[in-house]
Amino acid sequence: MDKTVADLASAVAGVRDGMTVMIGGFGGSGAPIELIHALIDRFRATGSPKDLTVVNNNAGNGHVGLAALIEQGMVRKLICSFPRSADPVVFTDRYQSGQIELELVPQGTLAERIRAGGAGIPAFYTPTSFGTDLAKDKPVAVFEGRSYVQERWLKADFALVKAHLGDRLGNLTYRMAARNFNPLMCMAAATTIVQVSRIVAPGGLDPEAIITPGIFVQGVVEVPHPLQEEDLNRARATYPEAAA
Amino acid sequence: MDKTVADLASAVAGVRDGMTVMIGGFGGSGAPIELIHALIDRFRATGSPKDLTVVNNNAGNGHVGLAALIEQGMVRKLICSFPRSADPVVFTDRYQSGQIELELVPQGTLAERIRAGGAGIPAFYTPTSFGTDLAKDKPVAVFEGRSYVQERWLKADFALVKAHLGDRLGNLTYRMAARNFNPLMCMAAATTIVQVSRIVAPGGLDPEAIITPGIFVQGVVEVPHPLQEEDLNRARATYPEAAA
Amino acid sequence: MTLKLTPTQMAWRAAQDIQDGAYVNLGIGFPEMVARFQPPGREAIFHTENGILGFGEAPVPGTEDWDLINAGKKAVTLKPGTAFFHHADSFAMVRGGHLDVAILGAYEVAETGDLANWSTGPKGVPAVGGAMDLVHGAKQVAVITDHVTKDGKPKLLTRCILPLTGVGCVTRVYSSLAVIDIQGGRFVLREKLPGLSLDDLQNLTGARLHLDGAVTDLTVPEV
Amino acid sequence: MTLKLTPTQMAWRAAQDIQDGAYVNLGIGFPEMVARFQPPGREAIFHTENGILGFGEAPVPGTEDWDLINAGKKAVTLKPGTAFFHHADSFAMVRGGHLDVAILGAYEVAETGDLANWSTGPKGVPAVGGAMDLVHGAKQVAVITDHVTKDGKPKLLTRCILPLTGVGCVTRVYSSLAVIDIQGGRFVLREKLPGLSLDDLQNLTGARLHLDGAVTDLTVPEV
């Protein structure tokens, strides 16, 4: 069994028009910038994939990564908790002109819905959002005298994930707070594609410290020195690079 | 902040009559034998704690650990998935003579109910047990054309847990498959008491490899060479030791 | 002529259907033997409910580590790439549909795919373990079972009589006499022992056996 | 005489109530400043939604690691005992009641404990983050807020007008003028700025202030 993929283009080749794609990261930490840019490259060459529904905590920052994906017009709908950032102009403009749909989900509910999708739990109850506009039209139930909102699982066709180390079986570790939504999205997608800084031999990861066991992963591509969104934005980068 | 406790007797001193106590382990692996025996010592000295509701995957094996706790008559009710073992005579006798109540829960549902207790999720839906005797009287709902059973969270007054290494903040690692229910029970109990093989200084555990962050732990006691239930049973041990 | 397959032979037959790279959970007891018969060149990855993925064979006796056991509480070993996780993550793998195959034992299987394998009735101490989870989790749920009970009564039935483990969950039966798929609420015969007539097999089966294409010989080496 | 506390001073006051060993989540913005003012001898452990427990102060500028940030996307540092975990575990800590204190900002707080702090209405891009989770998770949910809006209108009300973040969740308010508990659906005044009369404070408050024991002076150093 070998889940390694030779290059970024092959890694994202399965993403098609209209799919739901979970993209890991919290702001720039744990954001799989190279995988996102590979999707953009294909779209610019072939016109596809487009009409994507993207699940991410945020809505991009500046003009790279998720913001660039949105800027290209590839995203029809965004499911997120916090579509604001230091430079949210790309999402804000499209949202306010009605070019992108937004499903706003409280952050903990978003995480739990994704986990539920991966764990085969179609619905659960949470106190979060009870009595607020975000609970509108959702079933409510009382347990032990307290009111809870029913939330549904969230699944995806693809997950694009950034990890730190990986092996050919798909076992993964993460780097500090870049872990965030990434391990959950690995569980909830039919096909999970991961960029790692280094591929190690099986046994090269401590079995006690593997955060994502390989069963949740379908493809692993090595990206040795991954770009960090924060660094790109401080350098005012855009993707694709502005014409020279 | 220092959660370390000097000795086993102090560690279990808070467990009182009628409490619900989660006890970690799957069979003997991860079973906190010394903490259980400390409870037995107190019961034999003071007549308390008794009328306990115990949550464990199993029902004890032989005459040590959980089996010994049951043999002492301290357990009123057991919530478990598999009350059988190589030597299940203690539980079997008491169950068949009506001296102990049994709530049988499918293993994955048991794990998820405990996690839900720890995560503030009062209820969730699972396909497990739909259409079976174990779903009797439980609400059923259809999601996306499939039927699911509603299950409720499970919480406890105390959790007795076995980990491998721990620090004074309560951060824990486990040893191989001795992890099992232990990290979940840490989350679901009002007071979690952990026996570890060694207490290390904060920073002595890799922050990427901490399985239970200290927020879920209230007490840590060092038990340097913990007994293994399987070894005790192979030596036909009993607790307390048969009179010489 | 083979009168019926041994449990070991059923395990061998079941092993032939496991693809390279498949994630597999083997139930306690006979199904555990499936791991011994992986065809050369295929690498299945075994999952156990108590939190290990990719474990290896039994250790040399005397070298057991009792923190490294499978769901049957038997000692196993590490392999390169083994991963540990807690019970909620383990059953997320099961319930979430991440396993390719689960192979379980059976008291009774119905043509509807219903399975009874956890309780023989109100007597004794009930125990369910992970069986009710496994039947709903894996993409394929296969059963290894004698075709009939010790008293010669059919175990493949129109409806289960014993308490159910799951409804409509079994997809394939490896019996001591035949390989049978469950499709659209029907038993579809795929393979039977050579020398066993279709009529004889039908007489030992508590529900109608349907044909859908050729029935091939179920031939298994002496293992 | 202090006319009103600065946000930094409110943060200082809130910090005085955090006990040794408390697990604390500080909302994005002003509440983050609370961490600076831990009284000597007390060690609170800070939680951030994006998966860190027990992180340290901001790093020296230029040494930031952008994989080590807080929920406000600001760089933080490691400390001995820091632990990382994923988002579902992070919100299990929140929703499961494991935090002792959450300190948040507010647009409006009602005497019922209702909080509005996520949306100023249908204009603009809505964003909620973890606020709706935090208000239901921590044992104490405190708010740091100016007592009145920039236009001088009360932010402490009988009922919130803006979209709610949570119902009946706030237990204490650290305002720029007073410290107020919410108990049994009432604002109970605990401390007020010296020199500010009860009548003047009541006039700046949109719901009745109740007394329950002595009202002490709210005295805060210039921080």
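Keep in mind it's a predicted model, so treat the numbers as computed, not measured. A, B, ... follow the sequence lines: proteins, then strands. Residue 1 opens every chain.
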Query raised in the report: Using non-hydrogen atoms only, which part of C:Ile69 is less than 4.5 Å away from chain B: side chain, backbone, both, or neither?
Result: both
Query raised in the report: Measuring heavy-atom distances to chain C, does B:Arg113 have an atom under 4.5 Å in its side chain, in its backbone, in both, or in neither?
Result: neither
**Report entry** Any side-chain donor near an acceptor of the partner, C:Asn50 and B:Gln107, under 3.5 Å
**Finding:** no
Query raised in the report: Listed by chain and number, what are the salt bridge (charged side-chain N to carboxylate O under 4.0 Å, His left out) partners of B:Glu151, not counting sequence neighbours?
Result: B:Lys138
Report summary line: Of C:Val135, C:Asp114, C:Val125, C:Leu134, the largest count of non-hydrogen pairs under 4.5 angstrom with chain B goes to C:Val125
Report task. Check whether B:Arg115 gets within reach of chain C through its side chain, its backbone, both or neither, counting any heavy atom under 4.5 Å. Result -> side chain
Report summary line: With chain B, the option among C:Gly51, C:Gly130, C:Ser90, C:Ala131 that has the most non-hydrogen atom pairs under 4.5 Å is C:Gly130
Requested in this report: Please flag which part of C:Val94 lies under 4.5 Å from any non-hydrogen atom of chain B: side chain, backbone, both or neither.
Outcome: neither
Query - Side chain, backbone, both or neither of C:Phe84 within contact of chain B (heavy atoms, under 4.5 Å) - result: both
**Report entry** Heavy-atom contact with chain C under 4.5 Å, split by part of B:Asn58
**Finding:** side chain
Query raised in the report: chain C heavy atoms under 4.5 Å from B:Tyr174: which part of the residue, side chain, backbone, both or neither?
Result: neither
Query raised in the report: How many angstroms lie between CD in B:Gln228 and CD in C:Glu64, if you round to the nearest 0.5 Å?
Result: 11.5 Å
Report task. Enter the distance from B:Asp133:CG to C:Trp118:CH2 here, rounded to the nearest 0.5 Å. Result -> 5.5 Å
Report summary line: Ordered numerically, the heavy-atom neighbours of chain C under 4.5 Å found in residues 77-87 of chain B are B:Ser81, B:Phe82, B:Pro83, B:Arg84
Query raised in the report: Can you say whether B:Ile211 sits under 4.5 Å from chain C via the side chain, the backbone, both, or neither, judging by heavy atoms?
Result: neither
**Report entry** B:Arg146 atom CZ: more than 12 heavy-atom contacts under 6.0 Å
**Finding:** yes
Query raised in the report: What's the spacing between C:Asn70 CG and B:Phe26 CZ if we round to 0.5 Å?
Result: 8.0 Å
**Report entry** Atom group of B:Pro183 that falls short of 4.5 Å from chain C, counting heavy atoms
**Finding:** side chain
Query - Option that, when pairs with chain C are counted at under 4.5 Å, heavy atom only, ranks first among B:Gln96, B:Arg175, B:Glu112 - result: B:Arg175
Query raised in the report: So, for B:Pro106 and C:Met132, which heavy atoms are closest and what is the spacing to 0.1 Å?
Result: CG-SD, 4.0 Å
Query raised in the report: For C:Thr165, is it the side chain, the backbone, both, or neither that has a heavy atom closer than 4.5 Å to a heavy atom of chain B?
Result: backbone
Requested in this report: Describe, in one word, how the ring planes of C:His87 and B:Phe181 are oriented to each other, choosing from parallel (under 30°), tilted (30 to 60°) and perpendicular (over 60°).
Outcome: parallel
Requested in this report: Heavy-atom distances under 4.5 Å only: say whether C:Ala71 touches chain B with side chain, backbone, both or neither.
Outcome: both
Query raised in the report: Is C:Arg95 reaching over with its side chain to a backbone N or O of B:Gly108, donor-acceptor style, under 3.5 angstrom?
Result: yes
Query - Nearest-0.5 Å distance that lies between atom CG in C:Asp89 and atom CG in B:Leu184 - result: 8.0 Å
**Report entry** Closest non-hydrogen atom pair, B:Met176 against C:Asp65
**Finding:** CE-OD2, 3.0 Å
**Report entry** Sub-4.5 Å side-chain heavy-atom contact between C:Pro126 and B:Tyr95
**Finding:** yes
Report summary line: Cut-off 4.5 Å, heavy atoms of chain C, and the answer for B:Thr109 is both
